[in-house]
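Counting starts at 1 for both ligands and their atoms, following the listed order.
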Amino acid sequence: MLSKTQKEKQVFIKSYGCQMNVYDSERMAEALLPMGYKSTPREEDADLIILNTCHIREKATEKIYSEVGRLKPIKQKNPDLKITVAGCVAQAEGEEIIRRQPLVDILVGPQAYHKLPEMIKNYDKKPVALDLDQSGKFDWPHRGTSNTVKVSSFLTVQEGCDKFCTFCVVPYTRGQEYSRPVAEIISEARELISSGAGELVLLGQNVNAYHGLGQDNRSWSLADLIWKISELPDLQRIRFVTSHPNEMTLDLMTAFRDCPKLMPYLHLPIQSGSDRILKLMNRKHTQAEYVEIISRLREYRPDIAISGDFIVGFPGETEEDFQETLSVVEKVGFIKSFSFKYSPRPGTPAAERVQVDSDIQSERLQRLQNLLTEYQFAKQKSMLGKHCQVLFERDGRLEGQLVGKNEHFQVVFGQIPVSWIGKVGTMKIVDANVNSLHGELVN
Ligand code: 5AD
Ligand code: SF4
């Protein structure tokens, strides 16, 4: 509730990059509600604009400077508008952002969002918070207070990374691995479920490295956490993202076999199929070990669908190395994937090495994406005529249409009564595109 002296204000939050930023943006929106800020989708109506930035690839910093520059006319019309740069670019670039772009009022790194309400009050002092200690970040208001809760909701359980892959900025921008205590996660899960979440996607940069303090004062694994969350009565589905191959433990494989709420879908980045490049990337596993993990997983859960991330043109990558990446695609048959040209990130070891020519990178990316799309499309088409279980999430673009996801995280559309939102229905697939399926409700 707002006090009489508080006027209703509007906040516009733009989220770039990964799901963890989406989660952080939702929590910021909730934390700002008691200060009188309601979310608006229009930046020109905003009293506060937050750019929640991503630094993982390409000219992230330059993009943010031009985004902020674009806001100048809005700030001229409304001199009280406060502009905040949040997220990984804020963390990586620090106060240089305010020096170079005086339109920025507030700078807050990804582990310091709990300080935002105080910073907004003192925005005229251009406050900066870049501490990397994650423990305070989650001491925030309750969930479900700002209508941001979706049928499929994100829940961050783990932050940061200690793996130091040589291409990646995450260990520098998000800090060390940190696992939230089980009790805190369960209480947030309950709040999300009672606000309408039917599926929880447990998030972490290295989510399967989760080792949080359990309710018995012992360290719990991700599998322990999944089992505990699966006891929550109105929850229908659990997923988790993003995992590292070296942490695919037996208890997680067993959970895929035995926990009915854990969906048979796993995002498991490999990055490259070449052992030489994997070594240079500091991934600490070989192609054969990755393929072995997938075949073991398939023993435990034969219908499990695998998606992956790939980087092409990592420094030193030869055509032969790249062929190994193509070969792992053929061995695994990914249902979906994300592939990128290597982008040197300042401060990471690989950025200092001799780079692969950009035209060669583009050409390899194209070839890889053609092959990945071929496999993805084949998997989509193999669903034709089959039944699957779809959790309906929201309205589709067409009148009377709903959209949801099946067990394997494939997007399914259909003409379905709106009362099905939040429920699981059996769909018969009648049409398949590369990125979506169309079905008819059977029950
Ligand atoms: N260049 C290109 N892709 C990168 N990724 C991470 N860092 C880089 C980089 N420097 C990709 C990886 C990771 C995904 C989130 O982004 O594939 O799994
Ligand atoms: Fe980055 Fe993931 Fe490697 Fe950690 S494990 S350094 S987040 S790519």
Residue pair [X] / [Y]: nearest heavy atoms and the distance that separates them:
| X | Y | answer |
| --- | --- | --- |
| Q205 | G160 | OE1-N, 3.0 Å |
| D105 | K82 | OD2-CA, 3.2 Å |
| G109 | Q91 | CA-OE1, 3.2 Å |

Worksheet item: With E199, which of K261, R239, K150 fulfils salt bridge (Lys or Arg N to Asp or Glu O under 4.0 Å)?
Response: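 By the salt bridge (Lys or Arg N to Asp or Glu O under 4.0 Å) criterion, E199 pairs with just one of K261, R239, K150: R239.
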Fill in: For H244, the ligand 2 atoms whose distance to one of its heavy atoms is below 4.0 Å
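In order of number, 5 (S).
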When the ring centroid of Y265 is compared with that of H408, is the distance short of 6.0 Å?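 Centroid distance Y265-H408: not below 6.0 Å, so no.
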Taken in chain and number order and not counting sequence neighbours, the residues that satisfy ring-ring contact (aromatic ring centres under 6.0 Å, His included) with H267 are F338
For ligand 2, is R174 a contact, meaning one of its heavy atoms is under 4.0 Å away?
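No heavy atom of R174 comes that close to ligand 2.
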Atom pairs and distances, ligand 1 N/O vs protein N/O under 3.5 Å:
{"residue": "ligand 1", "atom": "1 (N)", "partner": "S343", "partner atom": "N", "Å": "2.9"}
{"residue": "ligand 1", "atom": "10 (N)", "partner": "F167", "partner atom": "O", "Å": "2.9"}
{"residue": "ligand 1", "atom": "10 (N)", "partner": "S343", "partner atom": "O", "Å": "2.8"}
{"residue": "ligand 1", "atom": "16 (O)", "partner": "R57", "partner atom": "NH1", "Å": "2.7"}
{"residue": "ligand 1", "atom": "17 (O)", "partner": "Q271", "partner atom": "OE1", "Å": "2.6"}
{"residue": "ligand 1", "atom": "18 (O)", "partner": "Q271", "partner atom": "NE2", "Å": "2.9"}
{"residue": "ligand 1", "atom": "18 (O)", "partner": "D309", "partner atom": "OD2", "Å": "2.6"}

Only one of F310, Y375, F409 forms a ring-ring contact (aromatic ring centres under 6.0 Å, His included) with F334, so which one is it?
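The ring-ring contact (aromatic ring centres under 6.0 Å, His included) with F334 is passed solely by F310 among F310, Y375, F409.
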Notebook entry, point to check: How about S436 and V412: do any of their side-chain heavy atoms sit closer than 4.5 Å?
Noted result: no
Determine how many protein N/O/S atoms sit closer than 2.8 Å to atom 1 (Fe) of ligand 2, leaving waters out since they are not shown.
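Count of protein N, O, S atoms less than 2.8 Å from atom 1 (Fe) of ligand 2: 1.
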Residues at least two apart in sequence or cross-chain that pass side chain to side chain contact (heavy atoms under 4.5 Å, CB included) with D234, listed by chain then number, are I193
I'd like to know whether K405 forms a side-chain contact (heavy atoms from CB on, under 4.5 Å) with V390, so could you lay out the CA-CA distance, the side-chain angles of the two residues, the decisive distance to 0.1 Å, and finally the verdict. CA-CA 5 Å; K405 294 203 193 69; V390 177; 5.8 Å; no
